[in-house]
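Read the structure below first, then the notes.
Position 1 is the first residue of the sequence, and the numbers go up from there. Keep in mind it's a predicted model, so treat the numbers as computed, not measured.
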Amino acid sequence: MTEISGTTRLVGLLGWPVEHSLSPRMQNAAFAALGLDWAYVPLPTLPERLADAVRGLVALGFAGANVTTPHKHGVAQLCEADAPSVNTLVVHDGCVRGVSTDAAILSGLAAERPVVIGDGGAALAFVQALPHSRRFSRRGEWPPDSADADLVINATSERDDLLVELGPGQTLVDLPYPATATAQAARRAGATVVGGLEVLVAQGAASFELWTGLPPPIGAMRAAVGLPV
């Protein structure tokens, strides 16, 4: 159990809703593994109160925050951001800097012919990281065409619909957790599947380092969300 004292540094999670998130469990395990007097707390934030919440991080002395649905676009307008969609806030000397670590999972993955599916903040982060990607969404070009793709990013929240059919030689990065119908079908067909928990750990580890300046304890973070160490 995380013990909070008068000297504890705080990091939060801005979103609506946030009850389902595994980030508090994962980040608090990481702080504990390094013996840091830090704590990560959920901060359920209605869209109309987002600006107040960002100002509150500064006023209350938070070290930073993660940002999840539906605020990744909106929060980028409220801070010094390096991207149009951010999922990590770093507070320093009264200033709030926004960074995206959503696409950290791409390190080490081949992406010569990537496809990104989705139109939310996470999808935009992957498009920014993969400027040569083809993008599909229900608000734009649909259905997705992944026949020639070596890497497909499912950055939607759709769990039950089969969005694409993949096979050997293709890799699916499936952001939702637990696994979607698309991920289950891809795995059965022989495609490589990188699940949402792997994505969560990768982006969370990058955020951890931005806040603390320390190498993240990856093993502790993986164990906290039920992944093999």
Testing Leu151, Val127, Leu124 for side chain to side chain contact (heavy atoms under 4.5 Å, CB included) with Val116, which one passes?
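So the option named by the test is Val127.
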Ile117 vs Phe126, side-chain contact (heavy atoms from CB on, under 4.5 Å): CA-CA, chis, key distance, verdict:
CA-CA 10 Å; Ile117 307 173; Phe126 279 95; over 6 Å; no
Do [X] and [Y] have side-chain heavy atoms sitting under 4.5 Å apart?
X: Pro47; Y: Pro70; result: yes
X: Trp38; Y: Val11; result: yes
X: Trp16; Y: Thr45; result: no
X: Ile153; Y: Val115; result: no
X: Pro42; Y: Glu19; result: no
X: Phe62; Y: Val96; result: no

Atom pair [atom1]/[atom2] of [X] and [Y] - distance to nearest 0.5 Å:
X: Leu46; Y: Leu14; atom1: CG; atom2: CG; answer: 12.0 Å
X: Ser207; Y: Leu13; atom1: OG; atom2: CG; answer: 10.5 Å
X: Asn66; Y: Met26; atom1: CG; atom2: CE; answer: 7.5 Å
X: Leu163; Y: Thr180; atom1: CG; atom2: OG1; answer: 7.0 Å
X: Thr88; Y: Asp102; atom1: OG1; atom2: CG; answer: 7.5 Å
X: Tyr40; Y: Leu43; atom1: OH; atom2: CG; answer: 8.5 Å

Least distance between heavy atoms, [X] atom then [Y] atom:
X: Ala155; Y: Ala122; result: CB-C, 4.3 Å
X: Glu112; Y: His132; result: O-CD2, 3.5 Å
X: Leu89; Y: Gly98; result: CD2-CA, 3.9 Å
X: Leu57; Y: Gly64; result: CD2-O, 4.4 Å
X: Leu162; Y: Ala181; result: CD1-O, 4.0 Å
X: Gly120; Y: His73; result: C-NE2, 3.7 Å

Using the ring pair (Phe, Tyr, Trp, His ring centres under 6.0 Å) criterion, which residues pair with Phe136? Sequence neighbours excluded.
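Ring pair (Phe, Tyr, Trp, His ring centres under 6.0 Å) check on Phe136 returns nothing, list empty.
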If Ile, Leu, Val, Met, Phe, Trp and Tyr residues are connected whenever their side-chain heavy atoms lie under 4.5 Å apart, and connections chain through other members, are [X] and [Y] in the same group?
X: Leu210; Y: Met221; result: no
X: Val152; Y: Leu109; result: no
X: Val58; Y: Val75; result: yes
X: Val41; Y: Leu60; result: yes
X: Val91; Y: Leu78; result: yes

Taking [X] for the side chain and [Y] for the main chain, is one N or O donor matched with an acceptor at less than 3.5 Å?
X: Arg159; Y: Tyr177; value: yes
X: Ser107; Y: Ala104; value: no
X: Asp150; Y: Arg113; value: yes
X: Arg222; Y: Pro228; value: yes
X: Ser85; Y: Gly121; value: yes
X: Asn87; Y: Lys72; value: no
X: Thr8; Y: Ser5; value: yes
X: His71; Y: Val86; value: no
X: Arg49; Y: Pro44; value: no
X: Asn28; Y: Ala30; value: no

Please determine if Arg135 and Asp119 form a salt bridge, counting it only when a charged side-chain N lies under 4.0 Å from a carboxylate O.
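So Arg135 does not pair with Asp119 through a salt bridge.
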Should the pair Arg138-Asp161 be classified as a salt bridge under the 4.0 Å nitrogen-to-oxygen rule?
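So Arg138 pairs with Asp161 through a salt bridge.
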Mark yes when over 12 heavy atoms from residues, nucleotides or ligands other than [X] sit less than 6.0 Å from its [atom1]; otherwise mark no.
X: Glu165; atom1: CD; answer: no
X: His92; atom1: NE2; answer: no
X: Glu3; atom1: CD; answer: no
X: Arg97; atom1: CZ; answer: no

Can you list every pair that meets ring-ring contact (aromatic ring centres under 6.0 Å, His included) and has a residue in residues 190-210, with sequence neighbours left out?
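For residues 190-210, and leaving out neighbouring residues, the ring-ring contact (aromatic ring centres under 6.0 Å, His included) pairs sorted by first residue read Phe31-Phe208.
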side-chain contact (heavy atoms from CB on, under 4.5 Å) assessment of Val18 paired with Thr68:
CA-CA 8 Å; Val18 293; Thr68 188; 4.3 Å; yes
Output side-chain donor-acceptor pairs under 3.5 Å for residues 166-173, partner residues at least two apart or in another chain, one line each.
unit_1: Gln170; atom_1: OE1; unit_2: Gly167; atom_2: N; d: 2.9
unit_1: Gln170; atom_1: NE2; unit_2: Ser146; atom_2: O; d: 2.8
unit_1: Gln170; atom_1: NE2; unit_2: Ala149; atom_2: O; d: 2.9

Under 3.5 Å side-chain donor-acceptor pair for Asp37 and Thr7:
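Side-chain D/A pair, Asp37 to Thr7: present.
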Regarding Asn154 and Thr182, do their side chains bring together a donor and an acceptor under 3.5 Å, going by distance alone?
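Side-chain D/A pair, Asn154 to Thr182: absent.
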Apply the test side-chain contact (heavy atoms from CB on, under 4.5 Å) to residues Leu214 and Glu209: give CA-CA distance (whole Å), side-chain angles for both, the deciding distance (0.1 Å), then the verdict.
CA-CA 5 Å; Leu214 299 172; Glu209 189 163 0; over 6 Å; no
